[in-house]
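To start, I am sharing the structure in question, which I have written as structure tokens.
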Amino acid sequence: MQIGWPVPAAAGRQWPAARLFSTLRLAVKIDEQWREPERWTVAPDGTGTAVVAGVQVHLEVRPAQAGRRHHELQARIVNASGAAVRFGGFRFQQQRASGGGAADDFLAVPGPRLRLYREGWTAAAAAGTVRHGECDFALDPSYLPFAVSAPAAYDSVTPNRFSAEYVAVLNDRESGASLLAGFITSADQVTRLAVEWDDAGVTRFAAYAHADGIRVDPGETVASETLALLAGPDGYGLLEEFAALWGARMHARLWDHIPSGWCSWYYYFEKITDADVQENLRLIQERRAELPLEYVQIDDGFQRALGDWLEPSPAFPNGPEALARDIRAAGCKPGLWLAPFMVEERSHLYAAHPDWMVRTPAGETAWTTEWRGSRVAVLDCTRPEAQAWLRSLFATLAAWGYDYVKLDFLMYACAVKDGVYWDPKATRVQACRRGLQAIRDGFGGERFILGGTTLLGPAVGLVDGERIGTDITPYWKPDRQPLPKEAPCLPNVCRNIINRRYLHGRLWLNDPDVHLARADHNALTENEVRLWTAALWLTGGLILLSDRFATLAPEREKWSRWLVAERDSFDTRPLDFFEREFPAIWAGWRKGRAPAAPAEVLGLFNFADSATRLQVPLAQAGFAPGAAVEVHDVWTGRFHSRATGTLALDVPAHSCALLRLARV
């Protein structure tokens, strides 16, 4: 079936190639085989129906119309075969026919003109743009199952063959036009996109909604996630528009203010003790006038074992209930880290309920990793007993006074190789969401839930904040070469937090990770600390500190005080989004003004190991052609220069310039 709809006139002028999506073909995966209907019946409203192996296939196309700029596609199946089937999902695909496309067809846009934004699967997964001749992001093979949804299909060695999760944006370098395809629902299936091209243009585009081989009994229906299509001249603006649609469709939770606080992890790591917490609580009280922090969040190290969250480790003899009282006595709200889907073999939970864990096909516990010498299983959140346990656990934490939880390693619920769930009709996304819903039900709607290393899409509507990058590190980057794109280090974090700025305030509050300012236990140079401070200031989101206050010198603490006072002041965009994997030019507008007015601030970031000259066409920052712009240094307030047309600046290695712009 050819999926046809009228392309809006404006989009057609910007990119006649929007016809790429007018001939998408639908296939469904039944009993391990992709099947494409041979004959369709099309109703007057454009809905198509077909039958494959006794399974009815329905496709609904909702074209753009007045009040809605985007197109929508959704498919569903009804099992009319009389027997249960294993259903693997839906595929919307376009492949270039031999001989290529017509002259005005997107499939004929030359490959060297193409750039692609490819979103990542989890918080730590790399998010960025790729260009003609490049390969997809190189990832650590051991981390691949947690970074991409389909490891077997991921290819990081073939040029011009790319994978994306949730959403992708194609851009034509010559015309500047962009085309976005993304799923605006994410509650039931893993969604991903695959894009390939050669010198002549796109050879294959596919969008998948995976159903993971669930059992579908006779008469049952399964619907795909909804695929949305947008075209326009502003690629990053399309992502912002898409995120707004996604958040509305998934009933995103939008917290009414930006939290601040202190986190124990990045100074003490798992060696945190009750004495360490008490020391910092005293100093937080003393600094309250100049550093008013809302939360104190205790990270890994307080618990006896993964799974035994209410039982303390020897380092916290009084337990987490007393800890919450101490934090409240210091004038802050208590927060706690948990990895609620991970269960250590040595835990009391596993000893009591081994049947609550995700199983192997042979019916044994599926061990996924090791944690400090103990094997780790994954809680099967499709089991009603596991859901009840999660509700009880988080209701207890709420009763003890905890107002904030940080949930880590949630991706394990969706990344158990060949894992078998108690409910054979549940996808891995549904398993994850059922667990998250149980947590939300137990913890309450009035308390803050931060998603840590979790799948992005399934968390929408259930978390208030979400980590959008890998862990920050007290060093620039490790010596390991080549460095995987998901590896914890400062450049990789910065790449993700600027590229994913479009999610902030639309799906949740972004969590870029903590601010590090200290001189001790920190290999970051002064310039690198300033760069990280500027990145947090420009991109906004949660501001949590993670230094030891007893050793934090005043000249370093000033950066923390500034961030807490000035947090989330701007709507920020990367101006060189398609030109670089690591955007170097970040423009900030006061809230609600982007991009109609000229940018107020500009960050020029150099992630290279040598000095770089960066040039910014001021028209890209919203200034009229020929306008004279006065530039001041944000850090010092001193006059820097006056520029017309283009602003050029030499930026040292591992450093940034933070500039305030004003039309003369």
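If you read the sequence from its start, that first residue is 1, and numbering goes on from there. Side chains are part of it too, since the values below use all heavy atoms of this structure and drop only hydrogens, waters and symmetry mates.
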Ion pair Arg500/Glu466, N-O distance below 4.0 Å: no
With Glu311 via side chain to side chain donor-acceptor pair (under 3.5 Å) - residues at least two apart: His348
Salt bridge Glu344-Arg375, side-chain N to carboxylate O under 4.0 Å: no
Between OG on residue Ser224 and CG on residue Leu26, distance to nearest 0.5 Å: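 Taking OG in Ser224 and CG in Leu26, the distance rounds to 8.0 Å.
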Test item: side-chain donor near acceptor, His210 and Arg192, under 3.5 Å: yes
For Thr539, all residues meeting side chain to side chain donor-acceptor pair (under 3.5 Å), sequence neighbours excluded: none
By ring pair (Phe, Tyr, Trp, His ring centres under 6.0 Å) - contacts of Phe90 (at least two apart): Phe87
Mutual orientation of the aromatic rings belonging to Phe269 and Trp265 [parallel < 30°, tilted 30-60°, perpendicular > 60°]: perpendicular
Rounded distance (nearest 0.5 Å) linking atom CD1 of Ile543 with atom CD of Glu294: 13.0 Å
Side-chain donor or acceptor of Asn499 paired with backbone N/O of Arg495 under 3.5 Å: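 Side chain of Asn499 to backbone of Arg495: a pair is present.
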Derivation and outcome, ring-ring contact (aromatic ring centres under 6.0 Å, His included), residues Trp337 and Trp309: CA-CA 10 Å; Trp337 170 94; Trp309 301 107; 5.7 Å; yes
Carboxylate-amine/guanidinium contact Asp464 Arg440, below 4.0 Å: yes
From Leu410 atom CG to Cys381 atom SG, the distance as rounded to the nearest 0.5 Å: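 One finds 9.0 Å between CG of Leu410 and SG of Cys381.
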With sequence neighbours excluded, residues passing side-chain contact (heavy atoms from CB on, under 4.5 Å) with Pro512: Ile497, Leu536
Backbone of Glu385 reached by a side-chain donor or acceptor of Arg383 within 3.5 Å: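 No; zero donor-acceptor contacts below 3.5 Å.
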Test item: Thr226 side-chain N/O and Gln74 main-chain N/O as donor-acceptor pair under 3.5 Å: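 Looks like no, no N/O pair under 3.5 Å.
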Polar side chain donor-acceptor pair, Asp299 to Tyr268, under 3.5 angstrom: no
Distance-only side-chain donor-acceptor flag, His515 / Ser546, under 3.5 Å: no
For Val429, side-chain contact (heavy atoms from CB on, under 4.5 Å) partners two or more places apart: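 By the side-chain contact (heavy atoms from CB on, under 4.5 Å) rule, Val429 matches Val190, Thr427, Pro458.
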Proximity of Tyr412 and Phe146 rings by center, below 6.0 Å: yes
Contacts of type ring pair (Phe, Tyr, Trp, His ring centres under 6.0 Å), residue Tyr402, not counting sequence neighbours: none
Polar contact flag, side-chain donor to acceptor under 3.5 angstrom, Thr473-Tyr266: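 Thr473 vs Tyr266: no donor-acceptor pair found between side chains.
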Sequence-distant partners of Tyr154, ring pair (Phe, Tyr, Trp, His ring centres under 6.0 Å), two or more places apart: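 Tyr154 satisfies ring pair (Phe, Tyr, Trp, His ring centres under 6.0 Å) with no residue once adjacent residues are dropped.
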Atom pair CG (Leu59) and CD1 (Ile77), whose distance is rounded to the nearest 0.5 Å: 13.5 Å
Asp140: side-chain contact (heavy atoms from CB on, under 4.5 Å) partners, not counting sequence neighbours: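 Here the qualifying residues are Ser142, Tyr143, Arg480, Pro484, Glu486.
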Residue pair His504 / Asp568, side-chain donor-acceptor N/O under 3.5 Å: yes
Donor-acceptor side-chain pairing of Trp246 and Ser186 below 3.5 angstrom: yes
Check against ring-ring contact (aromatic ring centres under 6.0 Å, His included), Phe605 and Trp586: CA-CA 8 Å; Phe605 291 80; Trp586 306 9; 4.0 Å; yes
Carboxylate-amine/guanidinium proximity below 4.0 Å for Lys406 and Asp511: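 Salt bridge between Lys406 and Asp511, a charged N being under 4.0 Å from a carboxylate O: no.
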Ring-ring centroid check Tyr117 Phe578, cutoff 6.0 Å: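 No, the ring of Tyr117 stays outside the 6.0 Å limit from the ring of Phe578, centre to centre.
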Donor + acceptor pair across side chains of Glu225, Tyr166 (<3.5 Å):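 Result is no, nothing qualifies.
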All ring pair (Phe, Tyr, Trp, His ring centres under 6.0 Å) counterparts of Tyr404, not counting sequence neighbours: Tyr295, Phe448
Nearest-0.5 Å distance that lies between atom CZ in Phe92 and atom CG in Leu229: 9.5 Å
Donor-acceptor contact below 3.5 Å, side chain Thr365 vs main chain Val358: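 Here the side-chain-to-backbone pair does not exist.
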Test side chain to side chain donor-acceptor pair (under 3.5 Å) applied to Arg328 - qualifying residues, sequence neighbours left out: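 For Arg328, the residues satisfying side chain to side chain donor-acceptor pair (under 3.5 Å) (neighbours in sequence not counted) are Asp403.
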SB check Arg467 Asp471 (cutoff 4.0 Å):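 The answer is yes: the pair qualifies as a salt bridge.
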Face-on cation placement of Arg573 at Tyr236 ring, 6.0 Å and 45° thresholds: no
Rounded distance (nearest 0.5 Å) linking atom CG of Leu336 with atom CG of Leu397: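 These two atoms lie 6.0 Å from each other.
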SB check Asp136 Lys485 (cutoff 4.0 Å):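 Not counted as a salt bridge, because no side-chain N and carboxylate O are separated by less than 4.0 Å.
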Asp423: side-chain contact (heavy atoms from CB on, under 4.5 Å) partners, not counting sequence neighbours: Thr382, Lys425, Ala426, Arg434
Side chain to side chain donor-acceptor pair (under 3.5 Å) involving Arg115 - partner list, sequence neighbours excluded: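 Testing Arg115 for side chain to side chain donor-acceptor pair (under 3.5 Å), a comparison that skips the adjacent residues, returns Asn171, Glu579.
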Electrostatic pair Asp571:Arg501 at N-O distance under 4.0 angstrom: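 The answer is yes: the pair qualifies as a salt bridge.
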